[in-house]
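Values below: all heavy atoms of this structure, side chains included; hydrogens, waters and symmetry mates excluded. Chain identifiers are assigned alphabetically (A, B, ...) following the order of the sequence lines, protein sequences preceding nucleic acid strands; residue numbering begins at 1 within each chain.
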Number of protein chains: 2
Amino acid sequence: MQYDTTQATRQAQRNDQSHPVSADLIAVVIAVTNGEPRVLTIEQAQALPSGPFELDHRSLQSGLRAWVERQTGHLLGYIEQLYTFADRDRTGDARVQISISYLGLTREEQAERSPTHGWRGWYEYFPWEDHRVGAPPILADILMPRLLAWADVAEDLGVRRDRRQRVAYAFGLDDRGWNEELALQRYELLYEAALVPEATRGRDNGIPPAIPGRPMTADHRRILATGIARLRTKIKYRPVVFELMPPAFTLLQLQRTVEALAGRLVHKQNFRRLIEQQDLVEETGETMSDTGGRPAKRFRFRQTVLAERTVAGTKLPLSRA
Amino acid sequence: MQYDTTQATRQAQRNDQSHPVSADLIAVVIAVTNGEPRVLTIEQAQALPSGPFELDHRSLQSGLRAWVERQTGHLLGYIEQLYTFADRDRTGDARVQISISYLGLTREEQAERSPTHGWRGWYEYFPWEDHRVGAPPILADILMPRLLAWADVAEDLGVRRDRRQRVAYAFGLDDRGWNEELALQRYELLYEAALVPEATRGRDNGIPPAIPGRPMTADHRRILATGIARLRTKIKYRPVVFELMPPAFTLLQLQRTVEALAGRLVHKQNFRRLIEQQDLVEETGETMSDTGGRPAKRFRFRQTVLAERTVAGTKLPLSRA
DNA sequence: CTCATTATGCTCGCGTTGAGTATAACTAGG
DNA sequence: CCTAGTTATACTCAACGCGAGCATAATGAG
């Protein structure tokens, strides 16, 4: 190899200066059961499955799978990386902690009750995110007043305006409309405004902010918000919903799953049109007549789509010219 | 705090089992100069700026900025995380190496020539990615025959079909059309087919594959491909192009920058329409009359948009129902 | 003064998508 | 058996986004 020398130099330089860090793997594992999106938790629903990346892990992904299985007994299927961040103050010692988070999609199998781990509805952690039956009252009654108050306590006029604008944008004030993909921005605003317990934890300022929504260990709720936002974005351009569905399903079941994730309702006829014209599903031949009305055809996901369907939205006027 | 106990337990468990790893920060820094996308490199254009994450780095991002500045003298503006991966065999010792890669966008300032670092056109590394003047001949002449040959050497019929389909999809064969966002998939296919030197490096199989395109150290070219793909996707729904533009510019300059990144041309009138209707820019009042034709108005990016423009494409029939 | 060149405005046509209407096929209750 | 309630499924319509092309304006070079 022609550049052996320089590479060796850089490698040596690197090893001299590198410090040991420890790497944590954290999993946001999602399933949708009975039209409710659920997340796999441990420690009485206050933490996400996680553990250190170890030497005998073949890869980051397999390390994550091993930890999830060890802590919850659950085998993961589809996973994708979410985000990596570093935190010095987590463990207390001098070592820097790096956290690598993943999003996993599965189906909730036998619902075994365990005292330590289990599935929890994700709207328990983010009650303001469920708009399927309209905007939750806590938004107008509790969150918005406190957020706007927080914006207004700022000394600087510019900061005040900036805060108001970010709140208005993230929560769809005025005529902006609710955007379900901004779940992370909303949590971050609540954190910044010290309206969630995680923000004031450790500091002894006494007054815990009484905002609805269950907190989590460390920054796990923030990671969960990241996963929710990612999933809400992704279902719109990739057929990932099917990872959450049973082998056969009706179009309404599929729609309810999407609605559960998005936290809002969709137009039934248009949903069907979209699914069918994209050739995502095929009929199984059977019908379901459980739900009280006309029997629904059962569908299955067309495996063919898996490879090619990586499409990608286009917003630029790209042409062949 | 109510869950101190369990948290302490988990923390202890974690420290017991955690192994030291070293974390590397790797930067894909992009600028567009004279209509050419360029990447900041070190080691005679064969490596990306990188270095270990150290104790005195305040955060991953600041550590990355420090390394880029130390190695190239360049100060970074906008950066975003790309991907994190682990690699056991990189350093040789037992320690596991974690690499965290970032994408940075800037403008190429004073073009100081340095023997060790400098800006390189990114199409030097991926000559098959530039379709601004049509599909590069190397595609039909060299890459496609070899890729299809690779697909056909597979014993198993299923593997053969799978490879052919992936190649056809990634390279837009048949009627599929070229998709500039698949830069990473294309590089990965070339790697899998052992058509890039990086794939056979270290193994003494003698014959280096003579495919156009400059290789890089370790997996740096793969990381560059990741950055290119990310950027090509992102310019379509976020106003990140402006990070690459000077304070004032004409619409054609903006268009040329987008085209340089996308590797394909866009329809001029439609590009203007899109930019203007989104209120992304405002006139400065000046005009430019350098380029031989009617003088062009100069524009600047509207700062107002920064906060709110997080939009997000919608592919689901979301309704208020 | 003419031509080449770039800037800029405007129109057309098609496909996508939000939204609503109409009809079909069931179950439950009298 | 008939009716109301419920869900499934097929169409229709209008607005809008976007690819594509035509037309006109304003320069500099020769």
Q: Taking the six-membered ring of A:W178 as reference, does the cationic atom of A:R186 (NZ for Lys, CZ for Arg) lie under 6.0 Å from its centre and within 45° of its axis?
A: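 So A:R186 does make the cation-pi contact.
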Q: In whole Å, what is the span from the CD1 atom of A:I275 to the P atom of C:dT16?
A: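 In whole Å, C:dT16 P and A:I275 CD1 are 15 Å from each other.
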Q: Rounded off to whole Å, could you give me the CD-to-P distance for the A:Q255 and C:dG18 pair?
A: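 So the two atoms are 13 Å apart, to the nearest Å.
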Q: So which heavy atom on B:P127 is nearest to which on B:P136, and how close?
A: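 That would be O-CG, 3.5 Å.
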Q: Rounded off to whole Å, could you give me the CG-to-P distance for the A:L254 and D:dT7 pair?
A: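 Rounded to whole Å, this separation is 17 Å.
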Q: What is the distance, to the nearest angstrom, from the NZ atom on A:K268 to the P atom on C:dG18?
A: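 My rounded result for the distance is 17 Å.
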Q: Should B:R294 be listed as having a side-chain N or O under 4.0 Å from OP1 or OP2 of D:dA25?
A: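 Checking B:R294 against D:dA25: no side-chain N or O falls below 4.0 Å of OP1 or OP2.
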Q: Return yes if the base of C:dG9 and the side-chain atoms of B:R273 contain a donor-acceptor N/O pair under 3.5 Å, otherwise no.
A: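 No pair found.
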Q: Do other residues, nucleotides or ligands put more than 12 heavy atoms under 6.0 Å from B:D141 CG?
A: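 Counting other residues, nucleotides and ligands, CG of B:D141 exceeds 12 neighbours.
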Q: May I ask you to test the A:V28-A:I223 pair for a side-chain heavy-atom distance under 4.5 Å?
A: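 Yes. Closest side-chain heavy atoms under 4.5 Å.
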Q: Measure from the side-chain N and O atoms of B:E282 to the backbone N and O of B:F301, and report whether any donor-acceptor pair falls under 3.5 Å.
A: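 Such a contact is absent between B:E282 side chain and B:F301 backbone.
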Q: Measure CD/A:Q253 against C1'/D:dT7 and give the value in whole Å, please.
A: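 Taking CD of A:Q253 and C1' of D:dT7, I get 13 Å after rounding.
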Q: Mind checking A:L252 for me? I need base, sugar-phosphate or nothing, with any heavy atom below 4.0 Å counting as a touch.
A: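 Sugar-phosphate, backbone atoms only, no base.
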Q: In this structure, how many angstroms lie between the P atom of D:dG19 and the CZ atom of B:F271, rounded?
A: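 Roughly 12 Å, once rounded to whole Å.
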Q: Find the distance A:R256:CZ to D:dT7:C1' and express it as a whole number of Å.
A: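 It works out to 10 Å between those atoms.
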Q: Among C:dG18, C:dG9, C:dG20, which nucleotide has an atom closest to any side-chain atom of A:N270?
A: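 Of all the options, the side chain of A:N270 is nearest to C:dG18.
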Q: Separation of B:L274 atom CG from D:dG17 atom P, in whole Å?
A: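 My rounded result for the distance is 10 Å.
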Q: Would you say the base of C:dT21 and the side-chain of A:Q269 have a donor-acceptor pair closer than 3.5 Å?
A: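 Indeed, a donor on one side and an acceptor on the other fall under 3.5 Å apart.
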Q: Which comes earlier along DNA chain C counting from the 5' end, the contact point of B:E276 or that of A:Q277, where each point is its nearest nucleotide?
A: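 Result of the comparison: B:E276.
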